[in-house]
Amino acid sequence: MKASEILTKLDLYAEDYNFPILDNMNFDFAQGRLSVFQYQDQWAMIFEIVGVDPNLNISNDIFVYSNTSNPQGLIIGCDNILTLQNNADIFDDDGDFLVSPFDLNLIINEKSVHTQPTEEAYTQLGIKTEPFTTTKLARYLSATYKEYFWLDVSILLKEASLSNEFTLFYQTDEWQHTDEEKPSENDFFQSLAKAIELKDASLIQQNEPNTHWSRWTWSDFEKQGK
């Protein structure tokens with residue numbers, strides 16, 4: 001598939017608001033990962049966008065684009081990836097967040113986490129603990145337990161309805177994402193499309209990555225309505 005055709009496909013989904021938007025009024029962004037798979041002349045691009053959804057759940061939203069006939073765009077939001085130990089409540093009956101920023105006793109994708117971060121640890125990450133929110137929790141965990149949120153390759157392929165014959169061609173959690181421009185106007189996606197066409201990952205140009213959450217906070221839930 002030609003690079004121009006790949007970019008046209010991405011543009012079509014972006015125009016329909018079915019392409020990852022990191023400053024999303026309905027989702028507070030914490031971290032992202034892009035995985036590209038290939039099998040013969042077939043390719044698939046999978047984004048994992050981790051953050052907080054409108055229900056205030058920490059979710060890993062999966063976006064898929066490919067030259068196969070499988071479901072594409074946003075295909076699933078995995079919003080059951082974080083719970084408290086002993087299934088304790090995260091919110092009380094009034095909707096108040098019950099998690100203490102200084103005593104985290106969690107399960108992330110079946111992996112136990114017990115840590116007692118200090119105020120300074122949050123401050124160094126640019127996070128104010130008062131008031132503590134699901135978004136601030138997600139962003140703290142992104143800095144300290146990032147790998148716990150990603151899906152295994154086999155699960156990614158299954159969620160994307162792709163066979164195990166697809167192999168990993170490229171994977172990164174730092175890239176130059178679109179910011180108002182179309183994917184076809186973005187240097188990173190231009191180089192990625194050419195790399196997929198020629199099956200040569202060395203052609204990919206990361207340029208200046210902008211996928212740290214601190215670049216996309218203007219649309220955070222707590223800032224809306226102010």
Side-chain angles (χ1 to χ4, degrees), residues 17-34 47-63 74-151 172-180 209-226:
Y17 300 99
N18 200 0
F19 187 79
I21 299 172
L22 304 189
D23 52 348
N24 188 331
M25 299 290 285
N26 295 307
F27 194 89
D28 285 359
F29 176 67
Q31 66 184 55
R33 186 170 73 166
L34 168 60
F47 293 87
E48 295 173 81
I49 305 298
V50 177
V52 177
D53 67 18
N55 295 319
L56 302 183
N57 294 313
I58 296 178
S59 178
N60 185 353
D61 284 3
I62 309 299
F63 294 78
L74 175 60
I75 61 168
I76 190 171
C78 303
D79 61 2
N80 59 347
I81 55 180
L82 184 143
T83 58
L84 301 187
Q85 294 282 0
N86 302 319
N87 287 318
D89 291 332
I90 295 179
F91 296 94
D92 64 19
D93 292 339
D94 295 323
D96 293 324
F97 193 47
L98 296 176
V99 178
S100 166
F102 309 116
D103 188 14
L104 303 178
N105 199 12
L106 317 167
I107 299 174
I108 306 172
N109 277 330
E110 301 183 351
K111 301 179 183 71
S112 294
V113 171
H114 186 205
T115 184
Q116 295 177 312
T118 63
E119 185 79 48
E120 182 181 1
Y122 285 98
T123 299
Q124 290 176 347
L125 297 172
I127 299 172
K128 296 180 180 180
T129 58
E130 186 63 36
F132 198 52
T133 64
T134 319
T135 296
K136 293 175 180 179
L137 172 62
R139 288 171 175 167
Y140 172 77
L141 294 173
S142 174
T144 51
Y145 296 95
K146 175 183 287 188
E147 297 301 320
Y148 284 21
F149 287 98
W150 305 137
L151 297 182
T172 186
D173 60 11
E174 293 186 331
W175 70 93
Q176 181 193 64
H177 197 67
T178 53
D179 183 9
E180 297 187 0
N210 62 0
T211 49
H212 189 271
W213 61 263
S214 60
R215 299 285 296 270
W216 308 95
T217 62
W218 74 267
S219 59
D220 282 359
F221 294 131
E222 68 175 359
K223 294 182 179 179
Q224 295 178 27
K226 290 186 177 181

Check your understanding: Is L56 close to F97 at the side-chain level, that is, under 4.5 Å between some pair of heavy atoms?
Key -> no
Point to revise | Side chain proximity check, L104 to Q116, heavy atoms < 4.5 angstrom | key: no
Point to revise | Which residues share a side-chain hydrogen bond (donor to acceptor under 3.5 Å, both in side chains) with T217, sequence neighbours left out | key: K223
Point to revise | Which residues share a side chain to side chain contact (heavy atoms under 4.5 Å, CB included) with E119, sequence neighbours left out | key: F102, T123, T129
Exercise for review: Under the side chain to side chain contact (heavy atoms under 4.5 Å, CB included) rule, what do H114 and D103 come out as? Steps first, then yes or no, please.
Suggested key: CA-CA 7 Å; H114 186 205; D103 188 14; 3.2 Å; yes
Study note, to complete from the structure: Note: F149 and I81 closest approach over all heavy atoms is CD2-CD1, 3.7 Å
Check your understanding: Can you check whether F63 reaches I49 side chain to side chain, under 4.5 Å on heavy atoms?
Key -> yes
Review point. About how many Å separate CG of N87 and CG of L84, when rounded to the nearest 0.5 Å?
Key: 8.5 Å
Review point. Side-chain contact, heavy-atom cut-off 4.5 Å: T115 with Y140?
Key: yes
Review point. NZ of K128: more than 12 outside heavy atoms within 6.0 angstrom?
Key: no
Review point. Is there a side-chain contact between V52 and L137 (heavy atoms, below 4.5 Å)?
Key: no
Scan the side chains in residues 89-96 for donor-acceptor partners under 3.5 Å anywhere in the protein, sequence neighbours excluded, and list what turns up.
unit_1, atom_1, unit_2, atom_2, d
D92, OD1, D94, N, 2.9
D92, OD1, G95, N, 3.0
D92, OD1, D96, N, 2.9

Point to revise | Non-hydrogen side-chain atoms of T211 and D173 separated by less than 4.5 Å | key: no
Exercise for review: Report yes if some heavy atom in the side chain of L82 is under 4.5 Å from a heavy atom in the side chain of I107; otherwise report no.
Suggested key: no
Exercise for review: Compare all side-chain heavy atoms of W150 with those of V50 and state whether any distance is below 4.5 angstrom.
Suggested key: yes
Check your understanding: Just one of N60, I58, D53 clears the side-chain contact (heavy atoms from CB on, under 4.5 Å) bar with D79, so which one?
Key -> D53
Practice item. May I ask you to decide if L74's main-chain N or O and N18's side chain share a donor-acceptor pair within less than 3.5 Å? Key: yes
Expected list for residues 22-31: side-chain donor-acceptor pairs under 3.5 angstrom, two or more places apart:
unit_1, atom_1, unit_2, atom_2, d
D23, OD2, W218, NE1, 2.7
N24, OD1, N26, N, 2.8
D28, OD1, F221, N, 3.1
D28, OD2, T135, OG1, 2.7
D28, OD2, F221, N, 3.3
Q31, OE1, S142, OG, 2.9
Q31, NE2, K146, O, 3.2

Check your understanding: Considering residues, nucleotides and ligands other than Q85, do more than 12 of their heavy atoms fall under 6.0 Å from its CD?
Key -> yes
Review point. Where do N57 and S59 land on the side chain to side chain donor-acceptor pair (under 3.5 Å) test, with the steps shown first?
Key: CA-CA 6 Å; N57 294 313; S59 178; over 6 Å; no
Point to revise | side-chain hydrogen bond (donor to acceptor under 3.5 Å, both in side chains) partners of D220, counting only residues at least two apart | key: R139
Point to revise | Set of residues satisfying side-chain hydrogen bond (donor to acceptor under 3.5 Å, both in side chains) with respect to E130, sequence neighbours excluded | key: none
Check your understanding: What closest approach, in Å, do Y122 and P117 show between heavy atoms, and which atom pair accounts for it?
Key -> OH-CG, 3.5 Å
Point to revise | Atom pair NZ (K136) and CD1 (I127), whose distance is rounded to the nearest 0.5 Å | key: 8.5 Å
**Study point:** Approximate separation, where rounding is to 0.5 Å, of L106 CG and S112 OG
**Key:** 9.5 Å
Exercise for review: Heavy atoms only: give me the nearest V113-Y148 pair and the separation to one decimal.
Suggested key: CG2-CE2, 3.5 Å
Practice item. Look at the rings of H177 and W216 and say which category their plane angle falls in: under 30° parallel, 30 to 60° tilted, over 60° perpendicular. Key: perpendicular
